[in-house]
Amino acid sequence: MGKAKKTRKFAEVKRLLSPKDIDQKVSSAMFFKYNTQLGPPYQVLVDTNFINFSIKNKIDLVKGMMDCLYAECTPCITDCVMAELEKLGQKYRVALKVAKGNRVGGQKYRVALKVDKKYCVVLKVGKDPRIARIPCTHKGTYADDCLCERVRQHKCYIVATCDKDLRRRIRKIPGVPIMYLSQHRYSIERLPEATIGGAPRT
């Protein structure tokens, strides 16, 4: 015996969605799928492995970001990323020096506090004024959770990472562009203005 054929019901009434059915809260920064809070100078949250791969490919963080986005960029490094780099030990000491903003053979910069009026965030400028440090207030030092939560709260960041799992998590958050390394240069994903200027399309 075969399966009984299911007859199609005609003139069915479509179920209407009530406001209670909608779980996702849309950020006020989103205009359809376009994030209105993003704009130059871009603030780029940098992950641990992004710094490591940049050093392996001999790319300067700030210069590579400016070549990709054709605009002024500020790499932002959270306390969790710094803690991960410190835990990795001697093998990643060059990445730690880059993250701290030490310049080899150059002058050292003073540490100062800078208040960003646009986003109301206190940035701790390290020895290199081009790289900003962002203090973390949560428990633990797992950088992936830290970056995801910060991007959920404030949609004014681009996330720079080469980690596939973190990229998959960030893609679920609407309006957050992802910067990554491909073919020895930085590429951007989900940023419409970047492709106008000639940045590599993905």
Side-chain angles (χ1 to χ4, degrees), residues 42-66 68-69 73-116 119 121-173 176-190:
Y42 293 106
Q43 292 188 325
V44 184
L45 283 175
V46 182
D47 192 23
T48 311
N49 55 21
F50 191 80
I51 299 171
N52 294 334
F53 281 110
S54 296
I55 292 167
K56 284 181 184 175
N57 288 299
K58 298 178 182 173
I59 301 172
D60 182 34
L61 272 177
V62 179
K63 189 178 180 303
M65 288 176 185
M66 287 177 72
C68 178
L69 294 171
C73 299
T74 306
C76 300
I77 298 174
T78 61
D79 289 343
C80 293
V81 172
M82 289 297 285
E84 271 192 8
L85 282 170
E86 287 169 359
K87 283 180 187 174
L88 290 173
Q90 280 295 107
K91 190 176 178 183
Y92 295 96
R93 67 183 176 276
V94 178
L96 186 62
K97 277 187 178 182
V98 168
K100 283 184 177 178
N102 292 347
R103 300 183 97 187
V104 180
Q107 67 182 38
K108 292 185 179 177
Y109 301 105
R110 291 197 327 247
V111 176
L113 288 176
K114 179 178 113 182
V115 178
D116 192 352
Y119 304 114
V121 178
V122 177
L123 302 172
K124 186 178 173 186
V125 179
K127 294 176 182 175
D128 188 353
R130 302 177 306 164
I131 298 174
R133 284 281 304 276
I134 300 177
C136 295
T137 55
H138 57 82
K139 291 182 179 178
T141 58
Y142 187 55
D144 290 4
D145 290 342
C146 172
L147 295 177
C148 283
E149 283 306 310
R150 189 168 295 275
V151 164
R152 269 196 198 97
Q153 290 170 0
H154 311 287
K155 300 234 186 256
C156 59
Y157 295 110
I158 296 172
V159 178
T161 183
C162 294
D163 187 8
K164 288 184 180 179
D165 294 331
L166 180 59
R167 280 167 63 180
R168 195 175 300 124
R169 285 175 68 179
I170 299 286
R171 280 188 195 115
K172 292 177 183 175
I173 304 168
V176 179
I178 302 168
M179 185 179 284
Y180 60 97
L181 238 137
S182 71
Q183 299 174 356
H184 304 288
R185 62 179 183 168
Y186 296 157
S187 297
I188 194 85
E189 182 179 302
R190 292 166 52 178

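Nearest heavy atom pair, residue Phe50 against residue Tyr186, reads CZ-CE2, 3.3 Å. Across every non-hydrogen atom of Val44 and Ala160, the tightest pair is CG1-CB, 3.6 Å. Between Leu85 and Ala99, the closest heavy-atom pair is CD1-CB, 3.6 Å. The two residues Cys162 and Asn49 come nearest to each other via the heavy atoms N-OD1, 3.3 Å. Pairing each heavy atom of Tyr157 with each of Pro177, the nearest pair is O-CD, 3.9 Å. The minimum heavy-atom distance linking Ile55 with Ala95 is given by the pair CD1-CA, 3.3 Å.
Contact check for Arg93 versus Leu88: no side-chain heavy atoms found under the 4.5 Å cut-off. Contact check for Leu45 versus Val151: side-chain heavy atoms found under the 4.5 Å cut-off. The shortest side-chain heavy-atom distance between Ile178 and Leu166 does not fall under the 4.5 Å cut-off. Side-chain contact between Val46 and Val81 is absent, with no heavy-atom pair separated by less than 4.5 Å.
A salt bridge links Arg152 to Glu149: at least one charged side-chain nitrogen sits closer than 4.0 Å to a carboxylate oxygen. Salt bridge Lys139/Asp145: absent, no basic N to carboxylate O contact under 4.0 Å.
Applying the 6.0 Å contact sphere to NE2 of His184 captures no more than 12 heavy atoms from other residues, nucleotides or ligands.
Note that the CD atom of Gln183 and the CG atom of Asn57 stand 11.0 Å from one another [nearest 0.5 Å]. In this structure, the separation between CD1 on Ile131 and NZ on Lys100 is 12.5 Å, given to the nearest 0.5 Å. Atom OG1 of Thr74 is separated from atom CD of Gln43 by 6.0 Å, given to the nearest 0.5 angstrom. To the nearest 0.5 Å, the span separating NE2 on His138 from OG1 on Thr78 amounts to 6.5 Å. Here the straight-line distance linking atom CG of Leu69 with atom OH of Tyr42 works out to 6.0 Å at 0.5 Å rounding. In this structure, SG on Cys76 lies 10.0 Å from CD1 on Ile158, to the nearest 0.5 angstrom.
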Applying side chain to side chain contact (heavy atoms under 4.5 Å, CB included) to Thr161 and Ile170, what does each step give before you reach the verdict? CA-CA 10 Å; Thr161 183; Ile170 299 286; 5.6 Å; no
Kindly list each side-chain donor-acceptor pair under 3.5 angstrom involving residues 58-65, sequence neighbours excluded, with atom names and distances?
unit_1, atom_1, unit_2, atom_2, d
Lys63, NZ, Asp67, OD2, 3.4

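Remark: the backbone N or O of Cys136 is paired with a side-chain donor or acceptor of Asp79 at under 3.5 angstrom. In this structure, the side chain of Arg150 does not engage the main chain of Leu147 through any donor-acceptor pair within 3.5 Å.
Applying the side chain to side chain donor-acceptor pair (under 3.5 Å) rule to Lys91 yields no partners; only residues at least two apart in sequence or on another chain are considered.
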